[in-house]
Amino acid sequence: MSDPKVNELMEKVVSLCKRRGFIFPSSEIYGGINGFWDYGPLGAELKRNVKELWWHSMTRHREDVVGLEATIIMHPQIWRASGHVDTFSDPMSDCLLTRKRFRSDQIEPQSGTAYHYTGAQDAVSGKCVDEPYAVLLPAGKPPESARKIANQFYQARGLGQVELQGERAEKVENSQRFNPDNGSLLTEPRPFNLMFKTYVGPVPDEDNVAYLRPETAQAIFVQFKNVLDSSRQKMPFGIAQIGKAFRNEVTPRNFTFRSREFEQMELEFFIKPDEVVEALCGTVAKPAGPGHPGEPRPDWGWQLWHQYWVEERIRFYGEIGLPRESLEEYWQKPEELAHYARATVDLLFKFPFGTQELEGIAARSDFDLSQHERFSGKSQAVFDEELRTAWAKLAEERRQALWQRYHDARHQYLTKAGVPAQQAEQDAREDADGLARGQYIPHVIEPSAGVDRLILGLLTHAYGEVTTTDAKGKTATEVVLRFHPKVAPIKVGVFPLLKNKPELVAKAREVFGLLRSEMAVFYDEAGSIGRRYARQDEAGTPFCVTIDFDTLGETPELKDTVTIRYRDDGRQERLPIAGLKAHLLPLVR
RNA sequence: GCGGGUGUAGUUCAAUGGUAGAACGCGGGCCUCCCAUGCCUGAGGCGAGGGUUCGAUUCCCUUCACCCGCUCCA
């Protein structure tokens, strides 16, 4: 059971989003469309800010990450190589009795006697149900058990006193059509594809099927060689991308948290395999303990790089207003890991509806590039001059040991991928031989974040209510969004103290003009000054600047100064107009 | 996909088988020398489709959307 107060908070956030123009239902005048949401004026600014902060911190502030912007529709083979065609399109069957859902191919085959019924009639009302049904019993069980279950089935379809009709027994071997738990017949297997399908070209036929990408990551992998060849990057380095992805989710839920069209911010950081690091540096550094491991070093293996990115990501969230305490780190247990993953850390945020994933940081080994190498037939190995030199200088036994470890890892991958034993052995040897020539397939650390759920997290985290009591004892509740100034959609509100004094208005317009070239500014003169502050509080604007009579020189020493009012504590400061930009810029960037 | 609930103004809610009101918000006007002031004024709504009915926002059916639970979440 969920706490009603939790639900209340989500409802308040949802209606605030609508009311103030953060998020609207998509296509609303036509009744909306399930799983799709639009960002309104404030939401668009907020989202843009978040993406830009991510982009800047990933690419411009680092020398070892470059950007990419790839298409949404790509060659369909990519989704075979990535595993999405298989794992996203499993046939599913539902239990006709309990409605439990199964992956049709994973049902344990059952044998025994199946009792079929053509329908049933109500002994009292005479009402008929024609739907056929069947129950599978293990050999030796009396047919009574089957009738009992069939009774339940027809009772659920509106019959009281059930008279089963057309009972027929049949021997069944290794069938996947029945629920292993209760023997009930399942629905026909139905394809269950989570990828949006479309056709390239004007004629829709099976030869030109394509998919909207279900994640942005694969585009990075398939452009890895192009980026490497054109960017003058050297291992290790990363490729960052922000973009739309699409999943035909069974149940979009929790406002924008799980949408069918969403945006991802993904980094694929390519690193040297541990064997290569060891060949170059003698040893692979071990994590010294929890926390940020500091600036990257050449002797880092996948573990330290993984830890580094987990900490970098947490630091990023702190910088945009989600402090460490609002997050939870979840290290996936070995049995939860995808088969190619060495480790995965989920960064969870405490949403009102539960603690849910914001970002996953996965150590994905060389799985992705290897898959694309096999499926495309194009080598994805990099050439590393340093390795070739270092390899030649290694002691023979050391070389042997590293060769063997690399070989074994490749062999394990190839075998799991279904490559026949002999071929796997040959390929693994060739891969390991490549080390001597300075060649290897990079491993990957992947921090992958959902933009929309981050926006939702920022909104719910920023949401606050302030209850005030006026002189007459009347209480009022005011909503305030305490966004970090870096993400706030509007940075500054600029107001003339009174709108019926042309000199105040003129000066305020002047200040507005001064600031708007540097940041998002909102000019407002409607209503009382208090109302205007409140409006900006609700939009999450961190600063408001008011032009009053002192600005105009009523108190000579205050001429050309303004008050700046801070959202979170209502504090006011007096600043010269000339110093405003310099004061605000470092706060909002 | 299944089960339950809810759809009335931008938001939160009311009423009604004879076409709907409030509060807040929003626009305009006057006032206002710093935290939702006051007065005047204006705009704006029955999710969509069908049926029953002389007449439907109200009753029925379908559909869509949202919320909750199950399922799903590579």
Side-chain angles (χ1 to χ4, degrees), chain A residues 1-2 4 6-8 10-12 14-21 24-37 40 79 82-90 92-103 156 187 190 192-195 214-215 217 247-255 257-258 260 338-341 353 356-357 360 450 466 468 470-472 474-480 495-501 504 526-538 544-552 554-555 562-567 569-572 574:
Chain A
M1 288 293 262
S2 64
V6 156
N7 199 6
E8 204 179 288
M10 271 313 284
E11 277 170 20
K12 282 175 172 175
V14 172
S15 72
L16 174 73
C17 282
K18 176 89 189 294
R19 184 156 47 85
R20 290 309 310 255
F24 305 128
S26 168
S27 320
E28 198 189 9
I29 62 169
Y30 287 99
I33 176 163
N34 186 268
F36 297 88
W37 300 90
W79 309 113
S82 69
H84 285 86
V85 169
D86 296 332
T87 56
F88 264 39
S89 57
D90 303 314
M92 307 289 282
S93 305
D94 298 340
C95 173
L96 284 164
L97 194 66
T98 61
R99 304 197 189 289
K100 184 175 169 174
R101 173 161 292 161
F102 297 88
R103 263 174 67 170
T187 59
R190 284 174 295 196
F192 207 76
N193 201 327
L194 261 47
M195 282 198 291
E215 63 172 35
R247 292 181 199 181
N248 218 338
E249 296 286 353
V250 180
T251 316
R253 268 300 154 84
N254 290 323
F255 198 28
F257 182 80
R258 177 168 294 122
R260 292 190 161 123
H339 61 91
Y340 48 77
F353 46 82
Q356 299 269 0
E357 185 183 342
V466 178
T468 50
D470 67 11
K472 294 172 199 146
K474 251 174 52 180
T475 62
T477 300
E478 193 185 296
V479 172
V480 52
F495 317 139
L497 182 61
L498 300 173
K499 80 163 164 182
N500 61 354
K501 297 288 185 288
L504 287 176
S528 73
I529 191 73
R531 173 182 301 255
R532 282 175 267 159
Y533 286 146
R535 279 198 277 246
Q536 292 309 310
D537 286 347
E538 214 178 45
C544 289
V545 165
T546 300
I547 284 72
D548 59 18
F549 293 92
D550 285 334
T551 313
L552 302 176
E554 195 175 88
T555 311
V562 292
T563 57
I564 178 165
R565 176 260 192 192
Y566 297 92
R567 176 194 63 205
D569 52 11
R571 183 167 53 92
Q572 293 198 350
R574 196 125 201 132

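Reminder, nothing fancy here: chain letters follow the sequence lines and each chain counts from 1. This is a predicted model, so every value here is computed, not measured.
For A:Phe257 and B:C72, the CZ to C1' distance is 13 Å, given to the nearest whole Å. Rounded to an integer number of Å, the gap from CD of A:Glu538 to C1' of B:C35 is 14 Å. B:A65 atom P lies 16 Å from atom CZ of A:Phe255, rounded to whole Å. Here the P atom of nucleotide B:U11 and the CD atom of A:Glu8 are 18 Å apart, to the nearest Å. Straight-line distance from the CD1 atom of A:Ile29 to the C1' atom of B:C66: 18 Å, rounded to whole Å. Atom-to-atom, CZ of A:Arg253 to P of B:C66 comes out at 10 Å; the value is rounded to the nearest Å. To the nearest angstrom, P of B:C30 lies 7 Å from NZ of A:Lys499. The interatomic distance linking A:Asp548 (CG) with B:U32 (P) rounds to 16 Å, in whole Å.
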(request) For RNA chain B, just give me the dot-bracket, please: Watson-Crick or G-U, both distances below 3.5 Å, ( ) intra-strand, [ ] crossing earlier pairs, | paired with another strand, . unpaired. (result) (((((((..((((....[..)))).(((((.......)))))....(((((..]....))))))))))))....
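Between the side chain of A:Arg260 and the main chain of A:Glu249, a donor-acceptor pair closer than 3.5 Å is present.
By the 4.5 Å heavy-atom criterion applied to side chains, A:Phe255 and A:Phe353 are not counted as neighbours. Residues A:Phe495 and A:Gln536 have side chains in contact (heavy-atom distance under 4.5 Å, counting atoms from C-beta outward).
Residue A:Glu554 places a side-chain atom within donor-acceptor reach of the base of B:C33, judged by atom type and a 3.5 Å distance cut-off alone. Within 3.5 Å, no donor on the side chain of A:Ser15 pairs with an acceptor on the base of B:G10, nor the reverse. Applying the 3.5 Å distance criterion, the base of B:C34 shares a donor-acceptor pair with the side chain of A:Tyr533. Looking at A:Thr251, its side chain has no donor and acceptor atom pair within 3.5 Å of the base of B:C72. With hydrogens and angles ignored, a donor-acceptor pair under 3.5 angstrom links the side chain of A:Gln572 to the base of B:C34.
Atom P of B:A56 sits at a distance of 13 Å from the matching atom of B:G49, rounded to the whole Å. Taking atom C1' on both B:G42 and B:C61, the two are 41 Å apart, rounded to the nearest angstrom.
Checking the phosphate oxygens (OP1, OP2) of B:U11, a side-chain nitrogen or oxygen of A:Lys18 falls inside 4.0 Å. Listed pair A:Asn254 / B:C68 meets the phosphate criterion, a side-chain N or O lying under 4.0 Å from OP1 or OP2. For the OP1/OP2 pair of B:C31 and a distance below 4.0 Å, the side-chain nitrogens and oxygens of A:Asn500 include at least one atom meeting the criterion. In this structure, A:Ser528 reaches the B:U37 phosphate: one of its side-chain N or O atoms is under 4.0 Å from OP1 or OP2.
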Under-3.5 Å N/O pairs linking protein and nucleotides 23-26 of chain B:
| residue | atom | partner | partner atom | Å |
| --- | --- | --- | --- | --- |
| B:G25 | OP1 | A:Arg531 | NH1 | 3.2 |
| B:C26 | OP1 | A:Arg535 | NH1 | 2.6 |
| B:C26 | OP2 | A:Arg531 | NH1 | 3.1 |

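Annotation: side chain to side chain donor-acceptor pair (under 3.5 Å) contacts of A:Ser27 (sequence neighbours excluded): none. Residues meeting the salt bridge (charged side-chain N to carboxylate O under 4.0 Å, His left out) test with A:Arg574, sequence neighbours left out: A:Asp548. Contacts of A:Thr546 classified as side chain to side chain donor-acceptor pair (under 3.5 Å), with partners at least two apart in sequence or in another chain: A:Tyr533. Every residue was checked against the side chain to side chain donor-acceptor pair (under 3.5 Å) condition with A:Asn500, not counting sequence neighbours, and none meets it. A:Tyr566 pairs by the ring pair (Phe, Tyr, Trp, His ring centres under 6.0 Å) definition with A:Phe543, not counting sequence neighbours. When the salt bridge (charged side-chain N to carboxylate O under 4.0 Å, His left out) test is applied to A:Lys501, no partner is found at least two apart in sequence or on another chain. Every residue meeting the side-chain contact (heavy atoms from CB on, under 4.5 Å) condition with A:Ser528, not counting sequence neighbours, appears here in chain and number order: A:Arg531.
Across all strands, A:Arg20 comes closer than 4.0 Å to no nucleic acid atom at all (heavy-atom distances).
When the nearest nucleotides of RNA chain B are assigned to A:Asp550 and A:Val14 by heavy-atom distance, the more 5′-ward of the two goes with A:Asp550. Remark on RNA chain B: of its neighbouring residues A:Glu357 and A:Leu497, the 5'-side contact belongs to A:Leu497, judged by nearest-heavy-atom nucleotide.
Listed candidates were B:C34, B:C33, B:C66. Nearest to the side chain of A:Trp37 is B:C66.
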